[in-house]
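Below: the structure, in structure tokens.
Order of the sequence lines fixes the chain letters, A, B, ..., with proteins taken first and strands second; residue numbering starts at 1 for each chain.
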Number of protein chains: 2
Amino acid sequence: MTRKSGVALWRQIADQIRQAIGAGTLGADGRLPTEMALSERFGVNRHTLRSAIAALVQEGVLRAEQGRGTFVESRQKLSYPISARTRFSTGLREQTRERRSILLADAVEAAGSRVAEALGLAPEAPVIRLETLSEADGRPVSRATSWFDAERFPGFAQIYAETGSITLGFQHFGIEDYFRKSTLVSARHADTADLADLRLSAGAIVLVARAINIDTAGVPVQYAETRFVADRVELSVSTEA
Amino acid sequence: MTRKSGVALWRQIADQIRQAIGAGTLGADGRLPTEMALSERFGVNRHTLRSAIAALVQEGVLRAEQGRGTFVESRQKLSYPISARTRFSTGLREQTRERRSILLADAVEAAGSRVAEALGLAPEAPVIRLETLSEADGRPVSRATSWFDAERFPGFAQIYAETGSITLGFQHFGIEDYFRKSTLVSARHADTADLADLRLSAGAIVLVARAINIDTAGVPVQYAETRFVADRVELSVSTEA
DNA sequence: TTCGTTTGTATAGAACAATAGACAAATAAA
DNA sequence: TTTATTTGTCTATTGTTCTATACAAACGAA
């Protein structure tokens with residue numbers, strides 16, 4: 001616990017508890033130690049610890065019952081596979097009951113330098129941008145921004161809005177299969193807009209995956225920047241020959 | 001900017017500036033806007049903004065000169081490749097002038113459940129644990145904890161301490177080549193010990209890679225949990241067929 | 001019921017964060 | 001040299017966070 005670091009003690013403790021629950025080192029039996037025990041373990045006042053618990057209750061990680069104790073509401077981390085055939089829906093099929101993706105917004109715009117380079121287009125070429133939110137079992141998992149060549153895929157947004165599936169969108173344009181070429185993974189604090197969409201509290205961490213998908217001919221068809229909730233998802237990379 | 005969120009405004013601003021510098025959207029010319037301009041942009045008092053800058057100066061990201069302005073000290077993010085042949089030294093060779101790894105501590109202990117499973121050993125089997133720190137161009141890049149089968153690799157720590165290389169350590173035991181089997185990537189706030197080793201300030205984010213390396217016969221030889229400084233490194237995953 | 005345990009609420013003081021205004025010190029340009 | 005610009009220091013005030021103590025309310029077991 002670091003004091004006067006710009007991060008309140010209660011928030012540092014909330015982060016540690018959330019992480020320990022994910023790692024299974026705390027509340028593995030579904031029940032948290034008492035407030036007294038935890039406040040002693042962290043070396044803080046009971047009220048400070050209560051602030052941490054309150055934040056986690058707000059997030060839906062814990063549930064507190066007067067007179068009984070504090071309980072773990074959701075534990076398991078999802079493992080999102082990254083491979084040549086990465087798909088949102090199939091990747092989480094066995095770990096979740098229900099998955100869905102929602103189109104938040106779409107636009108046609110001129111490609112920025114990063115997007116143009118990733119898609120192999122001329123700078124300022126027209127591209128379709130999709131803002132999407134993916135949920136699993138009713139809880140937000142990731143928030144993505146995707147770009148597509150507007151000349152090759154006119155009306156992609158419309159089709160995606162109806163089907164909720166990138167794969168089906170591509171099929172409409174005669175692309176039966178596509179592959180993940182490369183993925184850059186970084187991490188940062190969620191920005192204000194993502195905090196709201198992903199229903200997180202300030203200071204939450206997102207894993208950022210910047211990915212390029214290609215068709216069977218090796219031509220880039222999609223560039224996407226996906227922000228995963230770091231507390232709910234880990235990325236699984238398989239590099240076996 | 002979120003107030004009373006448990007994260008001080010100056011720290012939120014420091015995080016944003018650090019990130020904007022990494023993305024090239026701020027200080028691309030090596031020079032930061034004035035304190036007045038920045039405090040207006042973020043909608044805070046100049047003193048609050050100064051706290052953010054002071055933190056970044058402390059981290060070595062910025063350099064402030066009285067009467068002249070504030071300047072960017074280090075910008076470029078390192079791109080750490082994750083593939084079947086992941087090696088620390090070779091992976092960063094073209095992006096850095098100088099790289100080194102330091103052995104901080106080592107021990108022989110009984111394998112925990114996660115380690116035993118990863119290495120394919122019996123629970124409580126004896127394993128060697130290495131605590132290492134990797135630097136590039138004099139700045140800490142990652143902090144790793146590695147485990148090896150103590151029966152197969154007796155004295156591995158000693159050899160690593162002398163050579164600073166995992167690859168050379170394996171060669172000593174007749175392993176000419178080894179491969180990355182799988183990598184699990186997650187992100188979290190750095191814990192207190194890592195903050196000190198990696199010379200970070202509180203609230204810093206680390207990318208956590210949990211990796212299994214195998215020999216040419218497919219037998220696991222190393223399990224490692226590496227914490228990368230998220231502001232200085234991104235992971236590059238290539239999944240092309 | 002009675003008792004011990006546990007979470008919930010209230011109040012007050014000390015430490016830290018954020019705002020405000022004023023001025024000093026260094027730099028660069030007129 | 002003079003002036004404008006920019007970072008550095010100081011003091012004061014207000015709001016948030018943390019600590020300390022006390023007691024209420026709900027639960028479960030004796």
Side-chain angles (χ1 to χ4, degrees), chain A residues 1-17 21 26-27 29-73 189 192 201-203, chain B residues 1-17 21 26-27 29-73 189 192 201-203:
Chain A
M1 294 303 95
T2 330
R3 281 160 206 255
K4 67 172 170 182
S5 62
V7 184
L9 281 175
W10 64 264
R11 176 150 290 288
Q12 295 183 54
I13 291 169
D15 288 339
Q16 275 198 245
I17 292 177
I21 289 172
L26 204 63
D29 55 346
R31 171 189 198 116
L32 220 61
T34 68
E35 295 177 347
M36 279 300 286
L38 283 174
S39 61
E40 276 179 33
R41 180 191 305 195
F42 287 108
V44 297
N45 190 274
R46 183 178 150 233
H47 291 298
T48 309
L49 187 115
R50 276 177 62 73
S51 300
I53 289 181
L56 294 173
V57 168
Q58 185 69 24
E59 281 179 41
V61 175
L62 295 178
R63 169 176 41 87
E65 293 181 27
Q66 188 168 7
R68 304 213 322 123
T70 309
F71 304 88
V72 177
E73 192 77 355
H189 287 115
T192 327
S201 47
Chain B
M1 293 301 96
T2 330
R3 283 160 205 257
K4 68 173 173 180
S5 62
V7 184
L9 281 176
W10 64 264
R11 177 150 289 288
Q12 295 182 54
I13 292 168
D15 288 340
Q16 277 199 244
I17 292 177
I21 288 172
L26 204 64
D29 55 346
R31 162 181 207 125
L32 220 61
T34 68
E35 295 178 348
M36 279 299 285
L38 282 174
S39 60
E40 277 180 34
R41 180 189 306 192
F42 287 108
V44 297
N45 190 274
R46 184 180 149 230
H47 288 81
T48 308
L49 187 114
R50 276 178 62 75
S51 299
I53 289 182
L56 294 173
V57 167
Q58 185 68 24
E59 280 179 41
V61 175
L62 296 177
R63 170 176 41 88
E65 293 182 27
Q66 187 167 10
R68 303 215 322 126
T70 309
F71 304 88
V72 176
E73 192 77 355
H189 287 114
T192 326
S201 48

Exercise for the section: Could I get the full list of side-chain hydrogen bond (donor to acceptor under 3.5 Å, both in side chains) partners for A/Asn45, not counting sequence neighbours? Expected result: none
Exercise for the section: Write down the distance between CD1 (B/Ile13) and C1' (C/dT19), rounded to a whole number of angstrom. Expected result: 13 Å
Practice task
Please identify each residue that fulfils side chain to side chain contact (heavy atoms under 4.5 Å, CB included) with B/Ala14, with sequence neighbours left out.
Solution key: B/Ala52, B/Leu56
Exercise for the section: Kindly point out which of C/dT7, D/dG8, C/dT19 is positioned nearest to the side chain of B/Leu9? Expected result: C/dT19
Problem - Pairwise side-chain contact, A/Phe42 with A/Leu9, heavy-atom cut-off 4.5 Å (strictly under) - result: no
Fill in the blank from the handout: A correct 5'-to-3' footprint of nucleotides 20-30 of chain D, with B, S and - meaning base, sugar-phosphate only and no protein heavy atom under 4.0 Å, is BB---BBSS--
Handout entry: Atom-to-atom span, CE of B/Met36 to P of D/dA4 - whole angstrom
Key = 16 Å
Handout entry: All salt bridge (Lys or Arg N to Asp or Glu O under 4.0 Å) counterparts of B/Glu35, not counting sequence neighbours
Key = B/Arg46, B/Arg50
Handout entry: Atom-pair distance (CD on B/Glu40; P on D/dT5), nearest Å
Key = 14 Å
Handout entry: Position toward the 5' end of DNA chain D (nearest nucleotide), A/Ala8 or B/Leu32
Key = B/Leu32
Practice task
Nearest whole angstrom, please: distance from the P of C/dA17 to the CZ of B/Arg50.
Solution key: 16 Å
Fill in the blank from the handout: Ordered by number, residues from residues 51-63 of chain B within less than 4.0 Å of DNA chain D (heavy atoms) are none
Exercise for the section: Return the set of residues passing side-chain hydrogen bond (donor to acceptor under 3.5 Å, both in side chains) with A/Arg31 (not counting sequence neighbours), or none when no residue passes. Expected result: none
Practice task
For the side chain of A/Val44, starting at C-beta, report the closest nucleotide among D/dT17, C/dT6, D/dT19.
Solution key: D/dT19
Problem - Between C/dA17 (P) and B/Leu49 (CG): distance, integer Å - result: 16 Å
Exercise for the section: Please state how far atom CH2 in A/Trp10 lies from atom C1' in C/dA15, giving the value in whole angstrom units. Expected result: 17 Å
Practice task
Calculate, to the nearest 0.5 Å, the distance between atoms OG1 and CG belonging to A/Thr48 and A/Leu38 respectively.
Solution key: 12.5 Å
Exercise for the section: Using only side-chain N and O atoms of A/Thr48, determine if any of them is under 4.0 Å from OP1 or OP2 of D/dT19. Expected result: yes
Handout entry: salt bridge (Lys or Arg N to Asp or Glu O under 4.0 Å) partners of A/Glu40, counting only residues at least two apart
Key = none
Completion exercise
note: A/Glu35, atom CD; C/dT9, atom P; distance rounded to Å ~ 11 Å
Exercise for the section: Can you tell me the distance, in whole Å, between the CZ atom of B/Phe71 and the P atom of D/dT6? Expected result: 11 Å
Problem - Pairing residues for A/Ala54 by the side chain to side chain contact (heavy atoms under 4.5 Å, CB included) criterion, not counting sequence neighbours - result: none
Problem - salt bridge (Lys or Arg N to Asp or Glu O under 4.0 Å) pairs, two or more places apart, involving residues 54-63 of chain B - result: B/Arg18-B/Glu59, B/Arg63-B/Glu65, B/Arg63-B/Glu73
